[in-house]
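Each remark here refers to the structure printed beneath this line.
Letters A, B, ... mirror the listed sequences (proteins, then strands); counts begin at 1. For clarity, every value in this text was computed on a predicted model and none was experimentally measured.
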Amino acid sequence: MGDMFKKAHFIGLIVVVLVVAVLLKLPVQTMGKFKLAISGLFLPLFGWVSSTHDVAQKTGNIIVTKRELLEANKRLQNENQQLRLLLTRDAELERENDRLRQYVGWKKQQPGSLKLGRVIAHDPANWWRSVTIDLGARDGIRVGLPARTMDGLVGRVYSVSETHSQVVLLGDPNVRVSAGVMTTNRQEETGIIMTSSTSPQENNMVDLAYLPGSSVVSPGQLVKTEGDGGVFPPGIPIGRIVDKRSRDNGLTTEARVQLFANLASLEEIWVIVPGNDQPAVAQPAPMLERRTSKTQRPNTRTKTK
Amino acid sequence: MNALSTIFILAIAYVAVFLEAHVGFVRNALGVQIDLLPALMVFAALTSDIITVIALAIIGGLLFDSLSLNPLGVSILPLFLIGVVIHRQRELLMREHFFAQMIMGVVASVLHPLMTLFLLMNGGNVPLIGWKSLWQLFVLAWAGGIATPLFFKIFARVQYALSYQPRTDVPFRADREIKRGRTTLNS
């Protein structure tokens, strides 16, 4: 009996080691497809929970009194009027912006459309930061697209299946974002948003690393995406500087950044889907190109639109 | 234990991983996501055969990794090693005792993340580890310690509900004396 157990354990060990070795040696893309296929097994449960949530919400709506509804209606009408006024002003600003862009020769930036996804799962492991959302390839989601909330940037799409996607969040080692800070002397300093070196498991804290050694960033200053690299469009708010310290014997400065988005309690995420015809990053201005061409740089691009 | 028990254990693993990924109140309150698979593995190793242990390690590990940024399959080996060690020594363990179950749950819940992290770091990954990891291990240990005896109770109830029970009310009454032989009526 004892020998039989030993043999069974040994065979079991070989089987498991083989399975693990094969899985870990799979190419990254194949592994990603396998992962998404297996995580698809949870979709019935996620769908069931989602529909239960909707039913609970509808039930809650039924028991709202008429007086409360009227008050909410009045409040929304006021808000609607204010938004209409803002929209008119924004349209005027956009026209003015377009005229100035034409004058300077800058290509118009297309912000892309936003797709709202509901967070259906958080990473069950304590050592990664990711969430799964209910948007997939059928909704136009692609790997690498930036994700945000109304508060600010939260991360980027890591893998996509037909029906759901995995979004890796800021602070995870798999996400690095080029970010900039407008300092008090009107100069922009750029660095890279990465995992916090002092508190890596702090949900809403990241580092802005590789700032210049003579950086003058100070607590409270706004950190936004820079747009370098083409993944994240420029201008998305990320957070505010908390403090800074010198690194690499004074060669660089590292600042801690408190994120605007609360990553611990994400329920909905907007994925920024760019149009097919435009790149994520604006093309360089032809006027600047012409300027550089005067300084003997023959191979400069002069794309105009 | 039969095939039905194995299927039931695997179904519990599926639901456990779903709950780990979906239910956020423990994560929000304590900053830690508790893991129920090591506790379930302790239960499976103490009550089931080696096939169930292997199936739980592979399927549970795959389900867990599919919702995580872990490379697929990295959780399988730690789960299996916990299961196989307990399974080999289970005749020596006092598996019926609440305290023994709890201690095994605590040890398994601490060893599983540690072994997984070891594999991850050896594979060139950079997981998020810091001083808070000690707090996470502490909470995981407690959660595993509570969950293991709970699994024993749940499965005992299920088994009681699904299996035939021996009939306890026998027609024979112990307080009645049967006298054999002829009886004489005096009147």
So CG of B:L67 and CZ of A:F46: to nearest 0.5 Å the spacing works out to 5.0 Å

Check: What is the distance from atom CH2 of A:W127 to atom OG1 of B:T116, rounded to the nearest 0.5 Å?
Finding: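 Reported to 0.5 Å precision, the distance equals 5.0 Å.
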
Handout entry: chain B contacts, top residue of A:I11, A:V22, A:L45 (heavy-atom pairs, under 4.5 Å)
Key =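 Top option by heavy-atom pairs under 4.5 Å: A:L45.
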
Check your understanding: When heavy-atom pairs shorter than 4.5 Å are enumerated against chain B, which of A:V131, A:T132, A:I120 gives the highest number?
Key ->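 Option with the greatest count: A:I120.
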
Quick one: closest heavy-atom pair of [X] and [Y], and the distance?
{"X": "A:A8", "Y": "B:I50", "value": "CB-CG2, 3.9 Å"}
{"X": "B:H22", "Y": "A:V49", "value": "NE2-CG1, 3.0 Å"}
{"X": "B:L72", "Y": "A:L23", "value": "O-CB, 3.5 Å"}
{"X": "B:N70", "Y": "A:A125", "value": "ND2-CB, 4.3 Å"}
{"X": "B:L128", "Y": "A:G171", "value": "CD2-O, 3.6 Å"}
{"X": "A:F42", "Y": "B:S66", "value": "CE1-OG, 3.9 Å"}

Is it the case that atom [atom1] in [X] sees more than 12 heavy atoms from other parts of the structure closer than 6.0 Å?
{"X": "A:L251", "atom1": "CG", "result": "yes"}
{"X": "A:D54", "atom1": "CG", "result": "yes"}
{"X": "A:R240", "atom1": "CZ", "result": "yes"}

Give the interface residues of residues 23-39 of chain B toward chain A, defined by a heavy-atom separation under 4.5 Å.
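Heavy-atom contacts from residues 23-39 of chain B to chain A are B:R27, B:N28, B:V32, B:Q33.
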
Any heavy-atom pair between the side chains of [Y] and [X] that's under 4.5 Å?
{"X": "B:L69", "Y": "A:Q166", "value": "yes"}
{"X": "A:L13", "Y": "B:L81", "value": "yes"}
{"X": "B:V126", "Y": "A:T195", "value": "no"}

Heavy-atom pairs under 4.5 Å with chain A, option from [options] with the top count:
{"options": "B:F64, B:W131, B:F18", "answer": "B:F18"}
{"options": "B:P127, B:G61, B:S68", "answer": "B:S68"}
{"options": "B:I54, B:L63, B:I76, B:L120", "answer": "B:L63"}

Contact origin within A:Y158 toward chain B - heavy atom pairs under 4.5 Å
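The side chain, not the backbone.
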
Among residues 27-35 of chain A, those lying within the under-4.5 Å heavy-atom range of chain B are A:M31, A:F34, A:K35

Checking [X] against chain A: side chain, backbone, both or neither under 4.5 Å from a heavy atom?
{"X": "B:S133", "answer": "both"}
{"X": "B:L140", "answer": "side chain"}
{"X": "B:L117", "answer": "side chain"}
{"X": "B:I129", "answer": "backbone"}
{"X": "B:F80", "answer": "side chain"}
{"X": "B:L119", "answer": "neither"}

* Is the side chain of B:Y14 donor-acceptor paired with the backbone N or O of A:L41 at a distance under 3.5 Å, no angle test? -> yes

